[in-house]
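Take a look at the structure below.
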2 protein chains.
Amino acid sequence: MPIKPHVTAAQVCGFLESRIKSGEWGAEAKLPSERAISDQLQTSRVTVREALKRLEANGQIYRSNRRGWFVAPPRIDYDPSRSAHFTQYALEQGYSPYTECLMQRLIQADDDLAGKMAVAEGTQLLELHRCRGINGRLVYLEEIFLRADLWPDLIEQPPDQSLSTMLRNHYGQLFKQVDVDISIASLSAAQAEILQAPAGCSCFYISRRTLNQEGLVIEYDREYWRHDALNIKVTHQFAE
Amino acid sequence: MPIKPHVTAAQVCGFLESRIKSGEWGAEAKLPSERAISDQLQTSRVTVREALKRLEANGQIYRSNRRGWFVAPPRIDYDPSRSAHFTQYALEQGYSPYTECLMQRLIQADDDLAGKMAVAEGTQLLELHRCRGINGRLVYLEEIFLRADLWPDLIEQPPDQSLSTMLRNHYGQLFKQVDVDISIASLSAAQAEILQAPAGCSCFYISRRTLNQEGLVIEYDREYWRHDALNIKVTHQFAE
DNA sequence: GAAGAAATCTGGTGTATACCAGTTTAGCCT
DNA sequence: AGGCTAAACTGGTATACACCAGATTTCTTC
């Protein structure tokens, strides 16, 4: 008959959750360290970590590599079918958006990319890597692929402005259709490092193919979102 | 200077992944037990579990409570904006769909539901809980809410047939618009038990509001999907 | 005060062990 | 062959401990 029954991970979850819900720990607040929590609740650090991972799984908290655990801010609403700019979405919802171009280069389409963009293998493509954040926190990485023949001067452009606006205004392209794929993936080691997330962290994977009126794929992009940062909203109107 | 460097979780991931990708362990195959893997690779069970959880996070494997770990079958493609029946989707993709009605009752709309369905608080609603699977594996739970005044006889109907077909044919309703919300949540203890998933397991949360031509909310449902079972595909056509 | 080095703190990852609660299997009995 | 029981097996969860690497803070030095 154990004198002191074990403190369970579920109990630790409850303890932490009540403090988050009560507002004692507001958005972006730093939680006590794992060791401090395990001392306070008379349990082991392993149990505390188990509890923290469960709260992380449903997006209530997140961690920043070796800096600590933080209360997750509200999710951003996002409609991937609208090809709309992240910047506008973020501003409309009262956030401070941030974009950084990580890489920009010309590549040749491999088998997979050629299929996705409906071009011949070896076709020259412009590849852009960007990361984007709100309120100082990086929330997703994106890899953009554009047909080099359609955007001959694009590599000269400043990469931080809204790409969709630029494509629309400067190149006069009109979007006709967007195909969106959403699933769950995990971050590669390199991606995890950029987002300051742990190795193998699960994320939202969103890929989009944008077609113009002639049916050409004018943009193909892959986004890797922190799973706790995003709420996807899609509205579909049925044809009459 | 350590004589035997530690076996890392990443190495265990590599070991398991190579066997899955090579086809040595096909879809639905049972992996060796955690203890057998840790013995074979000369590492601890904790490290093996860490590796298994990473593969679980990106949907390569899944676990069934206290039965073992299994190779995840291909994801099912699903377009939540089409209000289409799961059964049809599954059949088209060559799966054997399965549906079971777990619960069916009349309730009164609380504050939250009243808002979602655009009715007054206290309005009588029909609530249905179902679970659905493909090829013998449960993949999601759904909670459906219908206005009792619009479907007076529905509670008498056999619950296992396609609800959307039934609504369309039997009640002559035409769908006009669907609002879809997608995010990540975690399963409640009760939900986890039904899906044979571990406590606090992360899942896709999809909620849908279907409006008819008069703008009435004729159906509101919440779906909780195994995160590894689903690939969401949405196509959006821009207006001319 | 600014710059740089060192100590401290934090999560990340590994070791070994233990016991519990369902699932599956093996064996026994009828 | 069928049915029951008990043993073995599986993952789930907890203990305690140790060391690493990066982030942060503090202290020292100029």
Side-chain angles (χ1 to χ4, degrees), chain A residues 1-16 29-57 61-70 136-138 186-187 189 192-201, chain B residues 1-16 29-57 61-70 136 186-187 189 192-201:
Chain A
M1 190 193 292
I3 306 172
K4 195 196 68 174
H6 290 164
V7 175
T8 67
Q11 290 173 312
V12 180
C13 277
F15 172 84
L16 298 171
K30 187 176 187 305
L31 270 58
S33 75
E34 296 175 359
R35 287 167 177 89
I37 296 171
S38 61
D39 283 354
Q40 185 181 349
L41 298 186
Q42 289 285 293
T43 182
S44 72
R45 199 179 142 211
V46 178
T47 302
V48 171
R49 274 178 76 78
E50 173 64 27
L52 290 166
K53 284 179 182 176
R54 288 191 195 167
L55 297 185
E56 180 190 39
I61 61 176
Y62 69 97
R63 46 181 149 173
S64 181
N65 243 328
R66 281 170 233 273
R67 295 202 316 120
W69 293 87
F70 301 84
R137 175 181 173 228
L138 291 181
S186 60
L187 296 172
E193 199 184 334
I194 296 171
L195 290 180
Q196 296 190 300
C201 177
Chain B
M1 191 193 292
I3 305 171
K4 195 195 69 175
H6 290 163
V7 175
T8 67
Q11 290 174 313
V12 179
C13 278
F15 172 86
L16 298 171
K30 186 176 186 306
L31 270 59
S33 74
E34 297 175 0
R35 286 168 178 88
I37 296 170
S38 61
D39 282 354
Q40 186 181 349
L41 299 186
Q42 290 284 295
T43 181
S44 72
R45 201 180 139 208
V46 178
T47 302
V48 171
R49 275 180 76 78
E50 172 64 27
L52 290 166
K53 283 179 182 176
R54 289 191 195 168
L55 297 185
E56 180 189 39
I61 61 176
Y62 70 97
R63 46 181 148 174
S64 182
N65 244 330
R66 282 170 233 272
R67 295 201 318 121
W69 293 87
F70 301 85
S186 60
L187 296 172
E193 199 184 332
I194 296 171
L195 291 180
Q196 296 189 300
C201 177

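To find a chain, count down the sequence lines: A is the first, B the second, and so on, and within it residues start at 1. The structure presented is a predicted model; accordingly, all values stated were derived computationally and were not measured.
- The interatomic distance linking A/N65 (CG) with D/dA21 (C1') rounds to 10 Å, in whole Å.
- A/Y62 has its OH atom 13 Å from the P atom of C/dG12, to the nearest Å.
- Closest of all the heavy-atom pairs between A/S64 and A/Q196 is OG-OE1, 3.5 Å.
- Contacts between residues 29-39 of chain A and DNA chain C, counted as heavy-atom distances below 4.0 Å, involve A/S33, A/E34, A/R35.
- Rounded to whole Å, the distance from CD on B/Q11 to P on C/dT15 is 10 Å.
- One interatomic measurement links the two molecules: CZ of A/R66 to P of C/dT10, which rounds to 14 Å at whole-angstrom precision.
- When distances run from any side-chain atom of A/S44 to the nucleotides D/dT15, D/dT24, D/dT10, the shortest one goes to D/dT15.
- Put simply, CH2 on B/W69 is 17 Å from P on C/dT23, counting in whole angstrom units.
- Between A/S38 and A/T47 the shortest side-chain heavy-atom distance does not fall below 4.5 Å.
- Taking atom CD of residue A/Q42 and atom C1' of nucleotide D/dA14, one finds them 15 Å apart after rounding to whole Å.
- A/R137 forms no cation-pi arrangement with A/F70, by the criterion of a distance under 6.0 Å to the ring centre and an angle within 45° of the ring axis.
- Here the shortest heavy-atom pairing between B/G200 and B/S186 reads O-CB, 3.5 Å.
- A heavy-atom distance below 4.5 Å is not found between the side chains of B/L41 and B/V48.
- Spacing between atom CG of B/L187 and atom P of D/dG12 amounts to 14 Å, rounded to whole angstrom units.
- For the pair B/L16 and B/I37, the minimum side-chain heavy-atom distance is below 4.5 Å.
- B/S64 comes within 4.0 angstrom of nothing in the nucleic acid, heavy atoms only.
- Between A/R63 and C/dG12 there is a side-chain polar atom (N or O) within less than 4.0 angstrom of OP1 or OP2.
- Contact between the side-chain N/O atoms of B/T43 and the OP1/OP2 oxygens of C/dT15 is found at a separation under 4.0 Å.
- Within the 4.0 Å cut-off from OP1 or OP2 of D/dT24, at least one side-chain nitrogen or oxygen of A/R67 is found.
- Taking 4.5 Å as the limit, some side-chain heavy atom of B/R63 sits within range of a side-chain heavy atom of B/P198.
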Next on the checklist: Pair B/E34, B/W69 - check side chain to side chain donor-acceptor pair (under 3.5 Å), show working.
Outcome noted: CA-CA 9 Å; B/E34 297 175 0; B/W69 293 87; 3.0 Å; yes
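- Smallest separation of non-hydrogen atoms from A/R54 and A/A10: NH1-N, 4.0 Å.
- A heavy atom lying under 4.0 Å from DNA chain C marks the following residues of residues 45-56 of chain A, by number: A/R45, A/R49.
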